[in-house]
Amino acid sequence: MKKILRFLQIITLLCIVNFIISISLITSKTKTTKQNKEDKGNIVVIHELGDPDKIQPSNSTSANSTYIEGNIFMTLLGNESTPPFESYGYLAESTPKTTELYDGTVKYEYRLRDEATWDNGTPVTGEDVLFSYKVYQTEYVDCEHLRGYMDFIIDVQLDQKDPKKVNFITKKYFLGEAWTGYWVLPRYNYDRNNILEKFSFKEIKNKTYKSNTQKDNMLREFAEEYNSEKFQREKEYISGCGPYEFVEWVTGQRIKLKKKENWWGDKLASKENNHFDANPEEIIYEIINDYTTAITAMKDGSIDVMRSVPAKNFVNLKENKKFLEKYSLHTPVAMSYLYIGMNMDHPILSDLNVRKAFSHMVDRQKIIDQLYKGYAQEVSGPIHPTKAYYNKEIKPYDYDIKKAEQLLNEAGWNDSDGDGIRDKVVDGEKVDMKFTFKYNTGNDIRQNIGLMFQQDAKRLGIEIEILGREWTVYLDEVKSHKFEFNCLGWVQGTGLDDFRQIWHTESINGGSNYVSFGDNTSDKIIEEIQQELNEEARNKLYKEFQNIIHGQAPYIFLCSSQERISINNRFEAQSYIARPGYNEKEFTLKNNLAATAQ
């Protein structure tokens, strides 16, 4: 009996010791995990709500793709992040020398920086610029969204004496400098079979190869390879001359970039303002498609930067003293606007009265007050209110349910059978007024806008189903016009606006005119804006076009918000008007943290 009691005592003692050790290990692990999150060293972790569509400057269309690509690739010209947003030489030594030629065309002369090299050590030359613009003009390459902007380019010419020089011959175009200063791709990487060198720029631009089946097949072969997934997301196939190399992309989780050793631009970092700053050792884009989860991750130190923080959460964070010890909050003007798009090819939404009725059905101020907590302003059209040619005389459609009801009645939509849903006889069949409203999952603001829209529509006898889609699926459906209502936003630049890509009828298929807007009159004004170099005359055309957009109501324009950004105080950083509202390459780890980082 004594032996049994002794045995039980020993067992009990061992259990107690094991419990204490376990607690110690858990506590130690928790402290280590917390320390690791807080002391990540010179690594910036940025929240992304969804995956980019691809990492390839010519073919990508999502805003977050552009932000990521800006760390891997470079453009000939850059733009300052603060007003007046002047351009400067980035990959080029300076802005181009511009000359109007005797035949009315324009010549832009660039010279690339002597220091600029690719990852394989070879210099960046005019050949790479020529190659890049051949890519943009190749009809089989998936960059239809760019070709409308670059239609003004007549030829790209090399200098026989200086491989660093390249010239553009163009038609007159008010954004000529911007679009001749675009992304430059390494020819050796993206054309491994040297196919495009067999074609001149003019041959590709003017499609004269079409008469030669062999050449046409060669271009198709190039495009098939270039458009393939490996050149959009695999480490061995993504390469630029920017400061960071692509490391990995784990779908739905993260994208990782690493600072290049001995990057050529480091030699210029102290000479060219902050244009060549590339301070973080790594940049990680952490993909979390739920804001609540993302904010929790930010609070525990896992995320350093978060933009578009939901307004309600932003207000709460401003009052959280503990949080403000570790993070700073920023509210720069966001050069963007939010809208509900109406598919004008839809048999019901093709009716102007119906579109105007829906425009009167949305309470914009309620959206601003409840969803943005005041961090937004109403907009009436596609021009940002800060720009000189914003048409202040146009007022947004007022929230007026009775007016909406009147317009629907005039369009012949009534509840003929008393089932609570408006209907109309179309081509001999009774059609109910039922729609779907699509948005990207994880975006609570767009979902809530849909719910508000659904409630107001129900009051008028209209049934709307809310459908969430994963971001890349959503984009594909919108581009294919597979929607009735969609909720999206356009990010705008700080420079002049070119409407061709979003509003010209040539952009309905392959461009970004997802709602199928436009006619000969609107197309003509868009083309006149592109060619008008006189600011006063161009501003008049801008305002005329805004009147047409307002009158046709292809979008329900909602609001332009202030950006809501949170940045970890581990870094010296500032916010900007230019999107995305910060420049992660400039982030500098504070001295007291740099000394302790492992």
Side-chain angles (χ1 to χ4, degrees), residues 49-51 53 62 252 288-294 308-313 336-351 354-373 376 397 399 401 404-405 408 413 415 419-423 431-490 514-516 553-559 561:
L49 191 62
D51 288 283
D53 61 335
S62 62
I288 304 174
N289 70 352
D290 174 74
Y291 279 118
T292 301
T293 305
S308 302
V309 178
K312 180 179 179 180
N313 300 95
S336 61
Y337 64 86
L338 189 69
Y339 69 91
I340 297 172
M342 295 180 275
N343 191 337
M344 294 175 66
D345 275 343
H346 188 275
I348 300 177
L349 296 175
S350 61
D351 188 318
V354 172
R355 295 197 303 275
K356 285 186 174 181
F358 280 112
S359 297
H360 282 293
M361 205 181 295
V362 177
D363 190 342
R364 294 165 183 78
Q365 195 57 50
K366 183 179 179 181
I367 289 171
I368 291 170
D369 293 341
Q370 292 190 8
L371 303 184
Y372 285 92
K373 302 300 179 184
Y397 285 90
Y399 178 56
I401 294 296
E405 184 176 20
L408 291 172
W413 290 94
D415 182 10
D419 66 352
I421 304 295
R422 288 178 181 267
D423 56 72
V431 178
D432 287 336
M433 215 170 200
K434 295 182 178 181
F435 302 95
T436 57
F437 175 102
K438 292 184 177 180
Y439 73 99
N440 52 305
T441 52
N443 194 313
D444 294 339
I445 283 183
R446 294 178 186 179
Q447 181 182 21
N448 285 322
I449 286 171
L451 293 172
M452 290 179 178
F453 192 52
Q454 182 185 55
Q455 291 171 0
D456 282 323
K458 187 176 181 180
R459 291 171 58 188
L460 286 171
I462 303 167
E463 185 176 305
I464 293 180
E465 180 184 7
I466 311 297
L467 294 176
R469 290 284 190 268
E470 187 273 328
W471 176 241
T472 55
V473 174
Y474 179 51
L475 276 184
D476 285 341
E477 290 182 349
V478 171
K479 290 175 185 177
S480 304
H481 310 287
K482 295 176 182 177
F483 69 92
E484 292 161 356
F485 292 96
N486 71 56
C487 191
L488 271 173
W490 283 119
Y514 306 139
V515 296
S516 301
Y555 285 2
I556 302 172
F557 291 94
L558 300 175
C559 59
S561 69

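A heavy-atom distance below 4.5 Å is found between the side chains of L338 and R446. Side-chain atoms of T436 and F483, non-hydrogen and from C-beta on, never get closer than 4.5 Å to each other. The side-chain heavy atoms of M361 and I401, taken from C-beta on, include a pair separated by under 4.5 Å. Counting only heavy atoms from C-beta outward, the side chains of Y439 and I445 never approach each other to under 4.5 Å. Put simply, the side chain of N289 does not reach to within 4.5 Å of the side chain of W471, judged on heavy atoms. Side-chain contact between V478 and K438 is absent, with no heavy atoms from C-beta onward closer than 4.5 Å. With contacts defined as side-chain heavy-atom distances shorter than 4.5 Å, the pair V362/Y397 does not qualify. At least one side-chain heavy atom of S62 sits under 4.5 Å from a side-chain heavy atom of L475.
Nearest heavy-atom pair across V431 and W413 is O-CZ3, 3.3 Å. When all heavy atoms of L349 and R355 are compared, the pair lying nearest together is O-NH1, 2.9 Å. D53 approaches T472 most closely through the heavy-atom pair CA-CG2, 4.2 Å. Residues K356 and A553 approach most closely at CG-CB, 4.4 Å, considering heavy atoms. Among all heavy-atom pairs drawn from C559 and Y372, the shortest one is SG-CE1, 3.6 Å. Residues Y474 and N486 approach most closely at OH-CB, 3.4 Å, considering heavy atoms.
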Exercise for review: Go through the steps for I348 and M433 under the test side chain to side chain contact (heavy atoms under 4.5 Å, CB included), then give the verdict.
Suggested key: CA-CA 8 Å; I348 300 177; M433 215 170 200; 3.9 Å; yes
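With F358 as the partner, the ring pair (Phe, Tyr, Trp, His ring centres under 6.0 Å) test is satisfied by one option alone out of F485, Y555, F557: F485. For the side-chain contact (heavy atoms from CB on, under 4.5 Å) criterion with Y514, the lone passing option out of K482, M344, K479 is K479. None of L371, I368, I340 except one satisfies the side-chain contact (heavy atoms from CB on, under 4.5 Å) rule with L558; the exception is I340.
One finds the CD1 atom of I556 at 9.5 Å from the SG atom of C487 (value rounded to the nearest 0.5 Å).
Remark: the backbone N or O of G252 is paired with a side-chain donor or acceptor of D51 at under 3.5 angstrom.
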Name the atoms and distances for all side-chain donor-acceptor pairs under 3.5 Å in residues 458-467, with sequence neighbours left out.
residue	atom	partner	partner atom	Å
R459	NH1	Y399	OH	3.3
R459	NH1	D456	OD1	3.4

